There are 2 protein chains.
Amino acid sequence: MAGVQRGPRERMVFSAAQLIRRDGVSATGMRDVAVHANAPRGSLQHYFPGGKEQLVGEAVTWAGRYAGKRVARFMADLAEPAPSALFAAMVRQWTDEYETADGLGGCPVAAATVDCASSEATREAAAAAFMCWRAPVAEALTELGVPAERAEPLATLMISSLEGAIIMARAEGDVRPLRTVARELGPLLDAAVLPDRPTTGRGEA
Amino acid sequence: MAGVQRGPRERMVFSAAQLIRRDGVSATGMRDVAVHANAPRGSLQHYFPGGKEQLVGEAVTWAGRYAGKRVARFMADLAEPAPSALFAAMVRQWTDEYETADGLGGCPVAAATVDCASSEATREAAAAAFMCWRAPVAEALTELGVPAERAEPLATLMISSLEGAIIMARAEGDVRPLRTVARELGPLLDAAVLPDRPTTGRGEA
DNA sequence: ACGTTTCCATGACAGTGGTCATAGTAGCCG
DNA sequence: CGGCTACTATGACCACTGTCATGGAAACGT
């Protein structure tokens, strides 16, 4: 995975995100995070004097940044430059995980949102994380030929569908919802591409 | 709300769903449920000998049934019989709540899914709840003229988008994502209606 | 009236969580 | 070496949770 050896602090943030997305925020204990990160428990209060709220916040922020960076890599690896292909890549990241690891993980940002209505700070971190994720998606859409005024809404729709499908897939224990949204939403996304700007080449149809 | 005075047992299930969808499963204590339901604490072990897992399971099941029944009512109240109108009604249920109560609630089924990967029983209850919700939506879509083979996938897409938008809206503290998915997904849904069968289901215009 | 079943009340227990206090170690600068 | 800072270690505290045990109160059939 990313950041295997990056100092105890980042390892703890990473582990927190990992555990949160699997078990939820409340079910993830600080001690568990230290153990999972192979980090000393005493470092928790040293690096995160703000306590669990700070750790969760940083994990959520990290997850948002990570998701944003992934968008750039998806764009670079796209076989054909179409919005549907980008969305398919985003979805495939999850279906792949569901097939390798049997444990069906979720999105840490969603987990923090669902589980932390109490903490205003965490809620704001989640909102920022979603923005860090949505902005690159919207930018990618414009690069793919989607008009600027539709890029942001469609990015919101993509992330919403993906998040919801992740939840349904976890509940069902099957990737069906993920594949379904990828298949059903693709045409809508491609139809938003401006016809007079066929975006670097190979056109569909 | 529904079921204000229906015996302590149902009140507790209802209150559990209410609290779960606001605070998450782990953050919702059994004692809180009893207090919120104006029910005696001693009744918990009497009505729910299976403990918290049973209570959460019934709350999730209740929520699924509730969502399914709402679909029928939405269909009855539709001004114009189009899939986009049904989806808009489903979304409006949430935007309305966000504007009346400042506390932004979530979906209890999603909360249970995110927060209870540990419990297999809860996961299955969530899967069943999603099915109890998706089936009426798919059926409604066919009534509205969507071909049978596309009804289920589109229902999955609708619920996924809605769930994801709920999460994003909670994070942002704004209904923007909800309105966005309703607006962006509407045309796709209406485009799935068979042209030669213009809304056969109800003759009302 | 009596007993049995259903339901309610309350206190205790064991476990766990986050957090704090205190003390120990490593490294660097004088 | 002394002092200072960064980091690690560990144990204790307190609040809280789900669960259980025990006992009381209605309800109701007979």
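Predicted, not measured: the structure shown is a model, and the values here were computed from it. Sequence lines set the chain letters: A, B, ... in the order given, protein chains first and strands last, and positions in each chain run from 1.
- Look at B/Tyr47 and you'll find a side-chain N or O under 4.0 angstrom from OP1 or OP2 of C/dC8.
- B/Ile166 and B/Gly105 make their closest contact through CG2-O, 4.3 Å (heavy atoms, listed as atom of the first residue, atom of the second, distance).
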Can I get a per-line list of side-chain donor-acceptor pairs under 3.5 Å for residues 75-96 of chain B, giving both atom names and the distance, sequence neighbours left out?
residue	atom	partner	partner atom	Å
B/Ser84	OG	B/Asp190	OD1	3.3
B/Ser84	OG	B/Asp190	OD2	2.7
B/Thr95	OG1	B/Arg92	O	3.1

Short heteroatom pairs, N/O only, protein and nucleotides 17-20 of chain C, under 3.5 Å:
residue	atom	partner	partner atom	Å
C/dG18	OP1	A/Thr28	O	3.2
C/dG18	OP1	A/Met30	N	3.2
C/dG18	OP1	A/Lys52	NZ	2.9
C/dG18	OP2	A/Met30	N	2.8
C/dG18	N7	A/Arg31	NH1	2.5
C/dG18	N7	A/Arg31	NH2	3.3
C/dG18	O6	A/Arg31	NH2	2.9
C/dT19	OP2	A/Lys52	N	2.9
C/dT19	O4	A/Arg31	NH2	3.2

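- Looking at B/Tyr47 and B/Val13, their side chains never come closer than 4.5 Å, going by heavy atoms from C-beta outward.
- Note on the helix from C/dA1-D/dT30 to C/dG30-D/dC1: angle between the axes of the first and last five pairs equals 10°, rounded to 10 degrees.
- The side chain to side chain donor-acceptor pair (under 3.5 Å) check on B/Thr28 picks up nothing, with sequence neighbours excluded.
- Taking atom CZ on B/Arg9 and atom P on C/dC8, their separation rounds to 12 Å, with Å as the unit.
- Shown here is A/Arg22, whose CZ atom has no more than 12 heavy atoms of other residues, nucleotides or ligands within 6.0 Å.
- Under 4.0 Å is where a charged nitrogen must lie from a carboxylate oxygen, and between A/Arg21 and A/Glu97 at least one such pair does.
- Listed by chain and residue number, A/Ser161 satisfy the side chain to side chain donor-acceptor pair (under 3.5 Å) test with B/Ser161 (two or more places apart in sequence, or in another chain).
- Atom pair A/His46:NE2 and C/dA23:C1' shows a separation of 15 Å (rounding to whole Å applied).
- Among the candidates B/Glu99, B/Glu184, B/Glu172, the single residue satisfying the salt bridge (charged side-chain N to carboxylate O under 4.0 Å, His left out) test with B/Arg179 is B/Glu99.
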Apply side-chain contact (heavy atoms from CB on, under 4.5 Å) to the pair A/Thr180 and A/Met168, showing each step before the final yes or no. CA-CA 11 Å; A/Thr180 299; A/Met168 289 184 75; over 6 Å; no

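- Here the closest non-hydrogen pair linking A/Arg134 and A/Ile159 is CA-CD1, 3.6 Å.
- The CZ atom of B/Phe48 sits 11 Å away from the P atom of C/dC8 (whole-angstrom rounding).
- On the nucleic acid side, DNA chain D has its first and last nucleotide under 4.0 Å of a heavy atom of chain A at D/dA6 to D/dA12, going 5' to 3'.
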